[in-house]
Asker: 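The following block contains the structure, expressed as structure tokens.
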Number of protein chains: 2
Amino acid sequence: MEPDPSSNVDVRASSRRVAFLLSQVGGLAASKFAERVSDLGVTPSDVGLLRVIATTPGLSQRGLADALGVGPSRVVALVDGLEDRGLVERTRSETDRRNHELRLTDAGRSVMTAMRTVGAAHERDLLAALTDEERIFLGEILAKVAEANQLLPDVHPGFHRTTKR
Amino acid sequence: MEPDPSSNVDVRASSRRVAFLLSQVGGLAASKFAERVSDLGVTPSDVGLLRVIATTPGLSQRGLADALGVGPSRVVALVDGLEDRGLVERTRSETDRRNHELRLTDAGRSVMTAMRTVGAAHERDLLAALTDEERIFLGEILAKVAEANQLLPDVHPGFHRTTKR
DNA sequence: TATTGTTATACTCTATAACTATA
DNA sequence: TATAGTTATAGAGTATAACAATA
């Protein structure tokens, strides 16, 4: 692309395309993951919801929306889909009848279990070219970048579109 | 999320979330880049087109579509936008009047130049928490993963949506 | 009056297929 | 007949705002 005028490898030159590579490989990881979980009948967005609901059963839709940083109407649509497929159940709260308490069904928990298997296979294949040490180091470096940029541990930025594509 | 039953750190446990981290940080890189280039009046998709056109002036729209792995009609829409903003020009080919030859205008080249500055700032900020060594190593590891997964050097997977989100 | 969830609506992005003009 | 580009159209995904029930 940009023809590099000097053939010397210096720090700035060799670190120039890292952000692009990160975005490119990250996009690949996302799309391959999407392919895999589609076999389970869920989208990555669904997976994100399932995970939050699994960790905080009884959560309200508003709470879920806040946790993910999306609008309430989107949560309605996504939970509708999960409920239709029998993975999540909504029950009116006894204490505040405005709330829907969200919980995984047995089928929902099965999907979560299957997802862990799928996720492990995904990671194994995606990073097959790396040594164990490289995988570990990659994880540590990425965690550092994620933390420095205030990413929440389990929220994927794909949830809130900041700008256009 | 998954409560780890053993407190020991073994290879499998610590490398389990790397694919997610990759997708998460990659998504962040993509969205922050989108924010930055929007100041230049272009989207990441626009940038992808501009780069290919810059490296192969005179390319046809069909050639561009093939290079990016997208349909011809999408190229029409994107080139329309770039032409309206005066960044790209279409000229009918002399030898085969079906073809449109694509070239950057002076304004287009200015945007490319500005983009390199923006890209460098983007990378600097995104990876500010890393040492020089870590940045270099990250780049090498990512390049290895990209190559093993047959990613084309300059094509972002965001161009061809493989499955749903 | 404020809040939860819902619906209605509009807008963007993308893909597919029909069409035209050249070959 | 085949190919390059275009247009038309439809389908996702997402966001905003209006609305109903409950507090």
Side-chain angles (χ1 to χ4, degrees), chain A residues 27 30-31 34-35 38 41-49 53 58-84 88-103 155-165, chain B residues 27 30-31 34 38 41-49 53 56 58-84 88-103 155-165:
Chain A
S31 88
E35 268 180 57
S38 82
V42 293
T43 66
S45 295
D46 290 334
V47 172
L49 264 74
I53 297 171
L59 186 67
S60 70
Q61 294 187 191
R62 161 57 83 174
L64 185 51
D66 289 345
L68 297 173
V70 303
S73 67
R74 192 170 165 200
V75 170
V76 171
L78 287 166
V79 172
D80 277 352
L82 293 172
E83 199 181 33
D84 289 348
V88 161
E89 61 179 9
R90 283 192 250 230
T91 57
R92 283 270 169 215
S93 163
E94 294 293 327
T95 61
D96 182 341
R97 296 184 45 72
R98 289 173 301 181
N99 285 354
H100 275 160
E101 297 178 352
L102 303 173
R103 283 183 190 80
V155 182
H156 197 284
F159 268 115
H160 27 59
R161 166 97 61 260
T162 53
T163 33
K164 276 96 228 164
R165 207 167 329 180
Chain B
S31 89
S38 83
V42 293
T43 66
S45 295
D46 290 334
V47 172
L49 264 73
I53 297 170
T56 47
L59 186 67
S60 69
Q61 293 186 190
R62 161 56 83 171
L64 185 52
D66 289 345
L68 296 174
V70 303
S73 68
R74 192 170 165 199
V75 170
V76 171
L78 287 166
V79 172
D80 278 352
L82 294 172
E83 198 180 34
D84 289 347
V88 161
E89 62 179 8
R90 282 192 252 231
T91 57
R92 281 269 170 217
S93 163
E94 294 291 329
T95 61
D96 183 341
R97 296 184 43 71
R98 289 174 301 183
N99 286 354
H100 276 160
E101 298 178 352
L102 302 173
R103 281 183 192 81
V155 181
H156 197 283
F159 268 115
H160 26 60
R161 165 95 62 259
T162 54
T163 32
K164 278 95 228 163
R165 208 165 329 179

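Below, chains carry the letters A, B, ... as their sequence lines are ordered, and counting in each starts from 1. Only heavy atoms go into these numbers, but all of them, side chains included; no hydrogens, no water, no symmetry mates.
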Asker: Counting side-chain heavy atoms from C-beta on, which of C:dT6, D:dT22, D:dG5 comes nearest to A:Arg97?
Answerer: D:dT22
Asker: Rounding to a whole Å, what distance do you find between B:Leu49:CG and C:dT14:P?
Answerer: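 After rounding, the reported distance stands at 11 Å.
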Asker: Using heavy-atom distances to pick each residue's nearest nucleotide on DNA chain C, tell me which of B:Gly69 and B:Arg98 is more 5'.
Answerer: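 Looking at DNA chain C, the more 5' nearest nucleotide goes with B:Gly69.
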Asker: Record whether the side chain of A:Ser73 comes under 3.5 Å of the base of D:dT16 through a donor-acceptor pair of N or O atoms.
Answerer: yes
Asker: Roughly how many Å is it from CD in A:Glu101 to C1' in C:dG5, rounded to a whole number?
Answerer: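 Atom-to-atom, A:Glu101 to C:dG5, this comes out as 14 Å.
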Asker: Whole angstrom is fine here: how far is it from CG in A:Asp66 over to C1' in C:dT3?
Answerer: 12 Å
Asker: Return the value, rounded to whole Å, for the distance between atom CG of A:Asn99 and atom P of D:dA20.
Answerer: 20 Å
Asker: Under the 3.5 Å rule, do the base of D:dT14 and the side chain of A:Arg74 count as making a donor-acceptor pair?
Answerer: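 Flag unset: no donor-acceptor pair detected.
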Asker: Where the side chain of A:His100 is defined as all heavy atoms beyond and including C-beta, which of C:dA21, D:dT7, C:dG5 is the nearest nucleotide?
Answerer: C:dG5
Asker: Provide, to the nearest angstrom, the distance between the CG atom belonging to B:Asp96 and the P atom belonging to D:dT3.
Answerer: 12 Å
Asker: What is the distance, to the nearest angstrom, from the CG atom on B:Leu78 to the P atom on C:dC13?
Answerer: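 Computing the B:Leu78:CG to C:dC13:P distance gives 9 Å.
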Asker: Have a look at A:Arg90 and say if it touches a base, only the backbone sugar-phosphate, or nothing, with a 4.0 Å heavy-atom cut-off.
Answerer: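 Sugar-phosphate, backbone atoms only, no base.
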Asker: Taking the side chain as everything from C-beta on, heavy atoms only, tell me whether B:Leu78 gets closer than 4.5 Å to B:Val75.
Answerer: no
Asker: Where each residue is assigned the nucleotide of DNA chain D containing its nearest heavy atom, which of A:Ser93 and A:Ala77 is assigned the position nearer the 5′ end?
Answerer: A:Ala77
Asker: D:dA4 phosphate, OP1 or OP2: any side-chain N/O from B:Arg62 under 4.0 angstrom?
Answerer: yes
Asker: Find out whether B:Pro72 and B:Arg62 are in side-chain contact, i.e. whether some heavy atom of one side chain is under 4.5 Å from a heavy atom of the other.
Answerer: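 Contact flag for B:Pro72/B:Arg62 side chains = yes.
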Asker: Side chain of A:Val76 only, heavy atoms from C-beta on: which candidate in D:dA23, C:dA23, C:dT7 is closest?
Answerer: C:dT7
Asker: Can you check the A:Gln61 CD to D:dT22 C1' distance for me, whole Å?
Answerer: 15 Å
Asker: Grab the CG-C1' distance between B:Leu64 and D:dG5 for me, whole Å please.
Answerer: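 One finds 13 Å between C1' of D:dG5 and CG of B:Leu64, rounded.
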Asker: Do B:Arg103 and B:Val88 make a side-chain contact, defined as non-hydrogen atoms from C-beta onward lying under 4.5 Å apart?
Answerer: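 Heavy-atom side-chain distance check fails, nothing below 4.5 Å.
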Asker: State which residue, out of A:Thr91, A:Asp96, A:Thr95, fulfils the side chain to side chain donor-acceptor pair (under 3.5 Å) condition with A:Ser93.
Answerer: A:Thr95
Asker: Within the distance-only criterion (no hydrogens, no angle test), does the side chain of B:Arg92 pair as donor or acceptor with the backbone N or O of B:Arg98 below 3.5 angstrom?
Answerer: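 Side chain of B:Arg92 to backbone of B:Arg98, a donor-acceptor pair under 3.5 Å: yes, one is there.
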Asker: Of the nucleotides C:dG5, C:dT14, D:dA4, which one has an atom closest to the side chain of A:Ser60?
Answerer: C:dG5
